[in-house]
Each structure stands twice: as structure tokens, then as C-alpha cells.
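One structure below.
These figures come from a predicted structure and were not determined experimentally. Residues take their numbers from the sequence shown, with the count starting at 1. First listed ligand is number 1; within each ligand, the first listed atom is number 1.
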Amino acid sequence: MLLSKSLQAATAAALLFAAPVFAQQPDIADQTVDTAKMLRDAALKDDTAYNLLESLTTEIGPRLAGSPKEQEAIDWAIAKFKKLGFDKVYTEPVMVPYWERLSEHAEVLAPFTQPLHITALGKSVGTPEGGVTAEIAHFKTFEDLQKADASDIKGKIVFISNRMERHIDGAGYGPAVRARGAGAVEASKKGALAIVIRSIGTDSHRLPHTGGVNYVEGVKPIAAAALSNPDADLMERILTRGKPITLKLDIQVKHHGEVEMANVIGEITGREQPEDIVLIGGHLDSWDLGTGAVDDGAGVAITMATADLINRLAPQRPRKTIRVVLFAAEEIGLVGARQYAKVHGDDAGKHHQIGAESDFGAGPIWALASNVNRDSTFVVDKMAQLMRPLGVLRHERKSSGGPDVGQMGRAGMPTLDLMQDGTDYFDLHHTADDTLDKVKPEHMRKNVAAWAVFTYIAAEWPGEFK
Ligand SMILES: [Zn+2]
């Protein structure tokens with residue numbers, strides 16, 4: 001294409017101006033673009049990702065952090081990587097606290113009697129044997145609990161009823177989830193005996209959403225549980241009668257201490273710069289209630305299948321190494337990812353050149369965000385252009401790299417976010433309803449198509465994203 005005279009002049013001026021500030025970056029070769037397109041189109045006819053997810057959810061199922069089922073999942077992943085023909089398959093050890101749910105039960109005793117559907121929050125302590133029975137202290141939000149007087153809470157069970165809003169990008173989760181993560185400590189500081197929260201989820205099913213609760217040194221840990229959303233509605237309706245609620249909560253758990261698990265790693269070795277890494281992956285553990293199909297079996301399967309597709313179909317191995325990391329124990333506090341960043345953090349932005357994570361369910365990708373340096377933005381723009389037929393838009397927000405890979409992002413590695421449509425994700429998240437039937441095979445294919453464009457170009461383009 002010919003440039004106009006003035007545009008040529010402007011371009012020359014921009015180059016002159018830019019030269020001392022930004023390094024010259026190589027173009028993306030036509031061959032690279034053609035191969036990326038070929039991989040994208042092939043992915044749309046390939047069910048490897050769905051088949052991996054079907055296998056993981058059928059043959060392993062729930063894989064709670066630290067449990068024997070997480071170890072089974074690790075063994076599954078090693079075997080699958082090998083069977084798919086990855087060049088290197090290995091593990092890195094991670095010490096993981098193993099918390100186990102034994103039983104959970106709650107009922108309203110007054111002013112009416114009603115059984116409730118609840119689940120203990122992950123890592124919660126138990127109630128005393130036989131449960132705890134007390135009056136409810138109700139707060140609409142975590143912030144209301146923070147402002148409350150201890151005299152209104154002492155000796156009671158705190159109930160926080162905040163509702164999570166539905167958004168395509170999960171923007172409602174952050175504000176709502178404080179009640180789950182920090183509610184127990186705040187309630188305990190003010191003398192509460194236990195805490196129940198409205199589930200952090202957007203559905204109206206009678207399935208409560210679990211998820212981690214945090215305790216801090218020096219504050220007595222109290223039992224913490226989530227009510228299903230219809231049960232939280234029920235509690236609120238009872239409260240409108242103007243009489244106090246008496247609740248009985250009985251949670252029994254077991255803390256087994258720390259056990260050794262592992263991050264599982266599969267690599268396609270780069271042909272020219274094998275020491276340089278494109279890092280992709282998801283987390284292998286799941287909560288215990290469902291079979292971990294959308295959280296995060298989908299991400300595991302999508303990223304494994306992406307590297308496999310490139311390994312099988314690209315005319316030669318990409319220039320740089322594709323490393324798929326399946327992180328341990330994400331759900332109970334990013335344990336595997338933190339360990340990975342402890343070991344590899346010094347390399348973030350050096351040989352670990354760029355990374356991305358799939359951990360937002362199995363919905364189609366609708367946007368691509370990045371935080372690469374200015375002079376490699378054109379590469380991400382090209383990726384987005386090649387993903388356009390899949391319905392992907394270029395997003396202006398800065399990427400985080402996801403919960404696990406984002407730990408390396410924080411240490412200085414550039415990241416991309418392949419943003420999935422999460423409109424329905426929090427209907428299923430951390431519930432017994434997180435099962436394979438919710439996943440559409442065509443969505444898995446479209447995910448791999450987009451991931452293949454990103455992963456292949458990132459690994460083949462000779463420039464640097466930092
Ligand atoms: Zn997850």
C-alpha cells in the first residue's frame with residue numbers, strides 16, 4: 001500500500017522521535033500469520049479440548065486442594081501430556097494445606113422452622129460438636145458489618161446478605177466477595193459465634209456456592225458458611241416479620257495439615273530460542289462440590305489442547321518454548337501459583353516473555369486485552385485481527401494474566417487476557433452444578449482457536465513483549 005506524502009513524513013517523524021525511546025521490533029512474517037490462520041481454522045474442527053475435559057471430569061471429578069483426588073488429577077495430567085506427545089513433562093513440588101468438609105447443616109428454629117441449604121466455606125473451622133445455636137445479626141453488606149457496634153453482634157451469628165451483580169466480565173464478583181473472604185474475621189473481632197453469607201453467585205438455584213474464607217493471626221477463627229440464594233431470600237423475608245431469627249449451624253471439618261502436591265508442566269520445546277517461554281495454563285484443583293468442569297477443567301483442557309494443536313499441525317515447532325503449567329491448589333489461596341512465582345519470579349519478563357491463563361469458565365472469548373510494551377502492541381493488534389472472525393474484540397483495559405499466571409505478571413512478565421463471556425459463569429461457580437453438561441463443545445473449539453492464534457504468534461514472533 002502506498003502512503004500519502006504527508007503520512008510518509010509523519011511516519012518518518014514518528015520513527016525519528018520513537019527511535020531513541022523504543023527498540024526496533026521485527027515484523028510478523030507472512031508465514032507466521034498464515035500458520036496462525038491455519039491453526040485457528042483447524043481448531044474449529046478439533047475436539048481435543050472437550051475430550052480432555054470429558055476425561056478429567058469423568059475419570060477424576062472433584063479434585064480438592066491437598067486431597068487424594070488432587071493427586072489423582074496430577075497423575076492424570078502427567079499421563080495426558082505424555083500421551084499427547086509433549087517434549088517435556090515434569091512437576092514442581094508444592095506444599096498444600098488439606099482441608100476437608102465432613103458435614104454441614106443449618107436450620108431456622110424461630111420465629112418459624114425452616115431447613116436451609118448451606119455449604120461450609122473452604123478452610124472454615126467447624127462449629128463445636130452439636131453445632132451452635134444463636135440469634136442472627138443481619139447486615140446488608142460487609143461494609144455495614146464493619147461499621148456496626150460490637151454490642152449488636154456479640155454472641156450472635158452474623159448474616160451478610162449482599163447480592164452479586166451479573167456482568168459479562170465478572171465485575172460483580174470483586175465487590176461481593178469481600179463478605180466471603182473477610183467477613184469471618186470482621187464478625188469474630190466483634191464477638192460473633194459464626195457467620196453465614198448469601199452465596200457469591202448470580203443464580204437462583206438452591207445450591208450454595210463455596211469458596212475460600214480467610215482468617216488472620218490473633219483473631220479467633222469462627223465457622224463460616226454460605227446459604228443458597230433462595231435460602232438467603234427466605235431469611236430476609238423472615239426478617240421483614242420483625243422478629244429475631246434463631247439459627248442453628250452445625251459444620252464439621254477436618255484440617256489435615258500440609259501435604260506435598262505439584263504444579264504439572266508440559267512443554268513444546270522451541271526450535272531456535274528454547275530458553276524463551278510463552279507461559280499458558282490454568283489450575284488443576286477444583287472445589288469438592290461439583291466436578292470442576294468450568295472451574296477450571298475448561299482452562300486446563302483449553303491450554304493443553306492449544307499447545308497440542310500447535311505441536312501437531314504447525315509446519316515446525318515455534319521458535320520459542322510453549323510451557324503449559326497446570327497450577328496446584330488455586331482455590332485455597334493460589335498456593336501453586338505463588339510457589340511458581342517464588343521459583344521463577346526473577347525470570348519474569350526475561351525468559352518468561354509473556355503469559356496468559358484460562359480460568360473463567362468455558363464461555364466464548366469476546367475480547368483481548370494486554371499490557372505489553374508499546375512497540376509490540378502491533379503484534380497483539382494483529383492477534384486480535386486474526387481472532388475477529390471468532391467474535392473477539394480488542395479491549396483497551398490492561399490485562400492481569402489471570403489469578404495464577406498473574407503472579408508472574410506481578411513479578412514483571414507481560415500478559416494477555418483472552419476475556420471469556422462470563423455472563424453465566426457465576427451461576428455455576430463453586431457449586432455442585434459445575435459439571436460437564438454446562439460446557440458446549442463448540443465453545444471449547446472457539447476458545448482453542450483464539451488461544452492458538454495468541455500462543456503460536458507469541459512463540460514464533462522473534463521480538464520481545466517486555
Ligand atoms: Zn478457578
Side-chain angles (χ1 to χ4, degrees), residues 49 52-53 56-57 60-67 69-70 73-74 77 94 96 99 119 121-123 164 169-174 176-177 180-181 199-202 209-214 226 261 263-264 280-304 324-340 355-363 365 399-409 415 417-436 438-439 443-444 447 451:
L52 285 166
L53 181 59
L56 178 62
T57 53
I60 310 296
R63 40 201 185 275
L64 184 68
S67 74
K69 296 293 279 184
E70 187 178 27
I74 290 166
V94 183
V96 173
W99 168 91
T119 192
L121 297 183
K123 301 179 289 176
M164 182 184 162
D169 63 354
Y173 189 60
V177 81
R180 192 190 78 206
S199 280
I200 310 304
T202 45
H209 298 236
T210 191
V213 59
N214 298 316
M261 291 289 151
N263 293 326
V264 185
I280 62 175
H283 65 87
L284 192 53
D285 69 309
S286 77
W287 283 112
D288 50 343
L289 302 176
T291 59
V294 303
D295 189 13
D296 180 27
V300 164
I302 287 163
T303 51
M304 286 176 92
V324 183
V325 180
L326 308 181
F327 294 93
E330 187 268 352
E331 296 291 6
I332 59 162
L334 305 164
V335 184
R338 290 199 164 121
Q339 176 63 23
Y340 188 89
E357 176 163 1
S358 178
D359 183 20
F360 202 55
I365 295 163
S399 57
S400 76
D404 298 295
V405 170
Q407 299 302 309
M408 287 296 283
T415 59
D417 287 345
L418 290 93
M419 297 165 65
Q420 288 171 289
D421 184 335
T423 308
D424 302 330
Y425 180 58
F426 289 98
D427 292 347
L428 310 170
H429 185 250
H430 299 181
T431 73
D433 237 354
D434 178 0
T435 50
L436 182 68
K438 315 304 186 301
V439 177
H443 286 169
M444 294 294 278
N447 266 274
W451 273 86

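Taking the six-membered ring where tryptophan is involved, the planes of His430 and Trp287 are perpendicular, since the angle between them exceeds 60° and thus also 30°.
Although no hydrogens or angles enter the test, the distance criterion places no donor-acceptor pair under 3.5 Å between the side chain of Glu70 and the main chain of Ala328. Counting only distance, with no hydrogens or angles, the side chain of Lys69 and the backbone of Gly61 share no donor-acceptor pair below 3.5 Å.
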**OP:** Evaluate the criterion side-chain contact (heavy atoms from CB on, under 4.5 Å) for residue pair Gln339 and Met261; output intermediate values, then yes/no.
**Re:** CA-CA 11 Å; Gln339 176 63 23; Met261 291 289 151; over 6 Å; no

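Within the protein, the N, O or S atoms lying under 2.8 Å from the Zn ion (ligand 1) are His283 NE2, Asp295 OD1, Asp359 OD1, Asp359 OD2.
In this view, Asp285 and His283 satisfy the side chain to side chain donor-acceptor pair (under 3.5 Å) rule, not counting sequence neighbours.
In this structure, a donor-acceptor pair under 3.5 Å is present between the side chains of Asp421 and Thr423.
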